[in-house]
Amino acid sequence: MDASQQTDSKKSSPRRRGATAEEMSEKQREISVSEFFAKNRHLLGFDNPRKALMTAVKEAVDNALDACEEACIMPHIYIELLQRSETRFKVTIRDNGPGIVRKQIENIFGRLLYGSKFHRLKMSRGQQGIGISAAGMYGLMTTGQPVLIISKTSKKKPSVEVLLKMDTSKNRADVVSETEHPEDDGLFPDGHGTQVSIELEGRYQQGRQSVDEYLDQTAIANPHAHFTYVNPSNETIEFKRGTNELPPEATEILPHPKGIELGTLIQMIERTERTQIGGFLQEEFSRVSPSVSKDICERAGITGRTWVKQIGHKEAEAIYKAIQEARIMSPSTDCLVPIGTKALLSGLLKEVKAEFFTACTRPADVYRGNPFLIEVGLAFGGELPKDELIRVIRFANRVPLLYQQAACASFKAVLETSWKNYGISQSRGSLPDGPVVVMVHMASVWVPFTSESKEAIADYDEIRKEMKLALQEVGRKLGIYLRRRQRMRNEGERRSIFERYIGEIAQATASITGTSAKKIYESLLRVAKRKTEEADAVLNDEGKRVRDSDPFGKDDSVVILPGRVAIAQADSDDDSSDDSDEGSKKSASGTAKTLFGDDDAPSKKPRTRKKA
């Protein structure tokens with residue numbers, strides 16, 4: 001192509017006209033928060049059908065537990081999964097809580113970022129005001145069906161049935177129908193409660209990260225709650241209470257000055273109703289006494305009587321710097337409600353078939369001014385699989401965390417703990433092997449989740465440190481138990497070998513000395529028992545040794561189930577011993593006939609023992 005042709009082609013192609021600033025401005029509009037999450041539902045845990053089904057159940061159950069506990073009602077929650085087709089389910093959750101007043105139903109179930117928990121510093125399962133309304137939005141998007149809510153607030157008032165769907169463009173609910181239904185009163189025998197039904201696209205599959213596992217773990221962390229679960233196969237599963245005591249109520253606290261940032265401080269100063277800066281510091285923050293307020297003001301170069309309206313950006317920055325330098329007490333921890341060692345053990349005993357249980361609750365600590373505490377429970381042995389990696393179950397404010405395990409601070413703390421020190425085999429950079437279940441729970445007024453779906457705890461140094469300390473504490477108790485159990489097993493084997501030949505020794509000695517063979521036998525038996533007394537450990541009704549010398553004798557955070565220990569030892573003996581049934585009976589027999597050698601001679605086959 002010559003130059004003239006290139007010039008002609010340039011002239012023939014029209015020049016593209018760009019948009020003007022005015023035209024671009026006309027296209028700009030506000031984005032509704034519900035519209036955003038409708039397009040990015042994976043951020044809320046609705047990224048695949050199986051996970052969406054579990055998330056919908058989780059959000060409804062969490063709200064039900066919070067409502068019951070706040071109203072001081074022992075929770076009884078009914079969960080039903082009705083399968084409409086291969087990929088469509090109707091999820092129904094009913095609780096015996098206080099119910100929801102009529103005017104708030106469409107706000108709670110039809111608006112994202114609406115709730116009572118976001119602005120208060122108090123431990124609760126919900127935080128963001130997204131969950132249950134997001135589940136309803138997902139159901140509407142995938143099936144086109146509205147959400148059905150039935151609420152009853154008093155025995156004197158009839159049940160109210162509301163059918164609504166969310167308008168994602170405006171982040172509000174449109175009420176399809178609203179009627180009083182006295183015939184629904186039978187759903188609430190206590191005279192109050194709430195039921196929500198959502199039809200959605202999902203996939204039901206048992207196993208890990210399923211609705212079944214979520215309810216199993218929720219029952220462990222909430223032993224005061226009763227769950228009735230009807231699965232898609234129409235099987236009813238009951239998770240009964242492990243305790244009849246409600247957790248103590250958490251107390252709401254003010255923000256701690258060490259936990260705020262400069263921009264937040266400036267906004268608080270602009271919005272406060274206090275007129276003087278001293279009163280502002282004392283009334284708007286926790287742990288700021290008159291003396292602490294005076295110290296902060298002096299460090300900032302102002303007085304406590306300085307007018308709030310005179311505080312500009314420079315003064316605010318000086319106050320913020322003074323707060324970081326001042327010595328201020330850690331925030332109060334009565335805003336936290338830990339599960340507690342007793343309830344932890346109760347939940348584990350109810351759901352895990354193990355032989356050894358222990359738990360610990362760490363003292364409260366602070367991250368970014370937010371109080372938190374860590375609890376760890378551990379179960380070992382029994383019917384747990386021996387040839388698999390240990391199982392880690394994670395909780396935040398009593399809620400199970402089933403996804404994003406590798407990104408969670410709880411899992412990283414378990415991974416970094418040196419389990420070899422406590423008798424559990426572990427390869428470098430991986431979880432240990434063995435029949436162990438580890439439960440890690442974080443309680444806080446604000447759990448730092450890695451995403452809006454609340455699936456993993458962010459990795460703060462303060463949080464991981466407390467988790468590792470708690471894991472080391474339960475690990476030490478497990479190590480003590482394993483060493484003692486091995487000593488008992490070794491001493492029992494020593495006695496068994498000695499008893500196998502004690503009758504012949506007694507008879508041979510009697511023929512030489514002329515002493516009664518029975519007396520010699522009894523004397524040798526006493527020596528054997530004294531030398532192997534560890535095999536005769538006396539246990540109480542909880543499986544703990546009664547003797548004060550036992551390391552667990554007075555430890556309420558340890559429970560040993562003798563029946564499951566016996567089962568586990570029997571299984572171990574079956575794997576490691578080649579003795580015949582007849583030879584085993586001879587070793588265990590206590591009759592004079594066997595011990596004095598009137599039965600057959602010991603088996604010629606040598607006794608073998610494999611190292612554990």
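Nothing here was measured: the structure is a model prediction, and the numbers come from that model.
- With rounding to the nearest 0.5 angstrom, the CG atom of Leu44 is 8.5 Å from the CD atom of Glu59.
- In terms of heavy atoms, Thr236 sits closest to Val230 at OG1-CG2, 3.8 Å.
- Sorted by first then second residue, the salt bridge (Lys or Arg N to Asp or Glu O under 4.0 Å) pairs that include residues 216-238, not counting sequence neighbours, number zero.
- Side-chain atoms of Thr361 and His441 include no donor-acceptor pair closer than 3.5 Å.
- Glu69 has no carboxylate O lying under 4.0 Å from a charged side-chain N of Arg398, or vice versa, which leaves the two without a salt bridge.
- Lys350 NZ: more than 12 foreign heavy atoms inside a 6.0 Å radius.
- Tyr422 has its side chain within reach of Arg476: a pair of non-hydrogen atoms, C-beta onward, lies under 4.5 Å apart.
- A side-chain N or O of Gln404 and one of Glu455 form a donor-acceptor pair less than 3.5 Å apart.
- Using a 3.5 Å distance cut-off with no hydrogens or angles, the side chains of Glu213 and Gln209 do not pair a donor with an acceptor.
- A salt bridge links Asp62 with Lys58: the closest approach of a Lys/Arg side-chain nitrogen to an acidic carboxylate oxygen falls below 4.0 angstrom.
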Exercise for the section: Walk me through it: do Val366 and His256 pass the test side chain to side chain contact (heavy atoms under 4.5 Å, CB included)? Expected result: CA-CA 10 Å; Val366 179; His256 193 271; 5.9 Å; no
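- To the nearest 0.5 Å, atoms CD1 (Ile374) and CE (Met467) are separated by 4.0 Å.
- In this structure, the side chains of Phe372 and Asp365 come closer than 4.5 Å at one or more pairs of heavy atoms.
- A salt bridge links Asp185 and Lys152; the closest N-O separation between the charged side-chain nitrogens and carboxylate oxygens is under 4.0 Å.
- With hydrogens and angles disregarded, no donor-acceptor distance shorter than 3.5 Å links the side chain of Arg203 to the backbone of Pro49.
- Checking Thr87 against Glu201 by side-chain atom types alone, a donor-acceptor pair falls below 3.5 Å.
- The neighbour count for Glu245 CD, taken as heavy atoms of other residues, nucleotides or ligands under 6.0 Å away, does not exceed 12.
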